[in-house]
Enquirer: 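Could you have a look at this structure, given as structure tokens, before my questions?
Sequence lines set the chain letters: A, B, ... in the order given, protein chains first and strands last, and positions in each chain run from 1.
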Amino acid sequence: MLFFSFYKSLVGKEITVELKNDLSITGLLQSVDQFLNIKLKDIKVNEEDKYPYMISVKNCFIRGSVVRYVHLPAEDVDVETLQDHSRLEAREQKKQNKQHQEQKSSTATTATTSTTV
Amino acid sequence: MDKREEGSVEEPLDLIRLSLDERIFVKMRQDRELRGKLHAYDQHLNMILSDVEETIKVVEKDEETDEEIIRNIKRNIKMLFVRGDGVILISPPLRTS
Amino acid sequence: MAMLESYLKKQVLVLTADGRSIIGTLRGIDQTINVVLEKCHERVYSEEGIEVIPLGVHLIKGDDVAVIGEVDDELDKKLNLKEIIAEPMKPIVH
């Protein structure tokens, strides 16, 4: 959720998405979803002469799972807020894991009692 | 806020939480290494790092001697999102205490 | 899939995980990014320019999709495919 929200705050900004096939695509962030799939507009592939595969494409959708890095505009990233959100989300995650564990162990106890009865 | 909860390491991800706002070392798939300051992470180990130095190890073969030459390619990136599925290990900064 | 609805019925370019370029009309798309292309062809890159291979209708499995691009038809018509020299695209390495 943290990164999904973060990317939503960057809509309209220029980013460079580096893929796991070494292709780098620069464009304006148009939209993002929970899987961190990304839509860019007005794109340019870096080193276009060497990688002319998207020469007639202006807008594109990038599957989140093929992304290696995203180069971000540093001036639009509030690191303090990100750090606070990371701590908050870590705490939430831990709470959820604990609840899940407790649920699991309580169902296990019920199961053993019912078999012994 | 519970002081003990904030500072202790109970599970692996706590180690990363304590490295927020500190420079860390990240080993990635395909012989890539990153050094940078950690600003965000989640349970998939997606991260945002700043002032990043990336080192890529490239093995080249010398055409004449057939010897393998290892070359390190470095580049600097101001602000970088790293997708967690490429991460192999994270090492926090060395602490003196 | 909501994000890709604006590309429907348009000419799109699909870059696949194994490094192929397939162009066709986008007829369908689902949550897992399975893609159906109509009247499609593959563009094969080599030292002798781009070779075009007609394919007809193709379903590309979501796992194999890397990028879907909206093709600008005007720009694309102007391309001289025989003069575009490039190595084949590298596959996605996870």
Enquirer: Looking at CD of A/Glu18 and CD1 of B/Ile77, how far apart are the two atoms once the value is rounded to the nearest 0.5 Å?
Expert: 7.0 Å

Enquirer: Within residues 65-74 of chain B, which residues come under 4.5 Å of chain A, heavy atom to heavy atom?
Expert: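 Not one residue of residues 65-74 of chain B has a heavy atom under 4.5 Å from chain A.
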
Enquirer: Can you tell me if CZ on A/Phe35 sees more than 12 non-hydrogen neighbours from other groups inside 6.0 Å?
Expert: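 No - once you tally the heavy atoms of other residues, nucleotides and ligands closer than 6.0 Å, there are 12 at most.
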
Enquirer: If I take atom CG from residue B/Leu38 and atom OG from residue A/Ser86, how far apart are they, to the nearest 0.5 angstrom?
Expert: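 Going from CG on B/Leu38 over to OG on A/Ser86, the span is 7.0 Å.
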
Enquirer: Which bit of A/Gln83 is near chain B, if near means a heavy-atom gap under 4.5 Å: side chain, backbone, both or neither?
Expert: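 Answer is both: backbone and side chain atoms of A/Gln83 are under 4.5 Å from chain B.
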
Enquirer: Top residue by heavy-atom pair count (under 4.5 Å) with chain A, among B/Gln30, B/Met28, B/Arg32, B/Glu11?
Expert: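 Option with the greatest count: B/Arg32.
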
Enquirer: Where does B/Leu80 contact chain A at under 4.5 Å (heavy atoms): side chain, backbone, both or neither?
Expert: both

Enquirer: Can you establish whether the number of heavy atoms outside B/Glu63 located under 6.0 Å from its atom CD is more than 12?
Expert: no

Enquirer: About how many Å separate CG of B/Leu13 and CD of A/Gln93, when rounded to the nearest 0.5 Å?
Expert: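 Between A/Gln93 CD and B/Leu13 CG, I get 8.0 Å after rounding to 0.5 Å.
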
Enquirer: Quick check: are there more than 12 heavy atoms from other residues, nucleotides or ligands sitting under 6.0 Å from NE2 of B/His39?
Expert: yes

Enquirer: Give me the contact list for residues 43-51 of chain B versus chain A, heavy atoms only, anything under 4.5 Å, ordered by residue number.
Expert: B/Gln43, B/Asn46, B/Met47, B/Ile48

Enquirer: Could you tell me which portion of B/Asp85 (side chain, backbone, both or neither) has an atom closer than 4.5 angstrom to a non-hydrogen atom of chain A?
Expert: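 The answer is the side chain of B/Asp85.
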
Enquirer: What are the residues of residues 63-79 of chain A, in order of number, with any heavy atom under 4.5 angstrom from a heavy atom of chain B?
Expert: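 Within residues 63-79 of chain A, the residues under 4.5 Å from chain B are A/Gly64, A/Ser65, A/Val67, A/Arg68, A/Tyr69, A/Val70, A/His71, A/Leu72, A/Ala74, A/Val77, A/Val79.
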
Enquirer: Test B/Phe81 against A/Tyr7 for ring-ring contact (aromatic ring centres under 6.0 Å, His included), laying out the working first.
Expert: CA-CA 10 Å; B/Phe81 167 82; A/Tyr7 277 112; 5.3 Å; yes

Enquirer: Can you list the steps and then say if A/Lys94 with B/Asp14 is a side-chain contact (heavy atoms from CB on, under 4.5 Å)?
Expert: CA-CA 10 Å; A/Lys94 242 181 175 180; B/Asp14 289 338; 3.1 Å; yes

Enquirer: Using side-chain heavy atoms (C-beta onward) and a distance below 4.5 Å, is A/Lys20 in contact with B/Arg29?
Expert: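 Counting from C-beta outward, A/Lys20 and B/Arg29 never come under 4.5 Å.
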
Enquirer: Say you draw a straight line from CG of B/Leu18 to CZ of A/Arg87; how long is it, rounded to the nearest 0.5 Å?
Expert: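 With rounding to 0.5 Å, CG (B/Leu18) is 9.0 Å from CZ (A/Arg87).
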
Enquirer: For residues 36-44 of chain A, give me every residue with a non-hydrogen atom less than 4.5 Å from any non-hydrogen atom of chain B.
Expert: A/Leu36

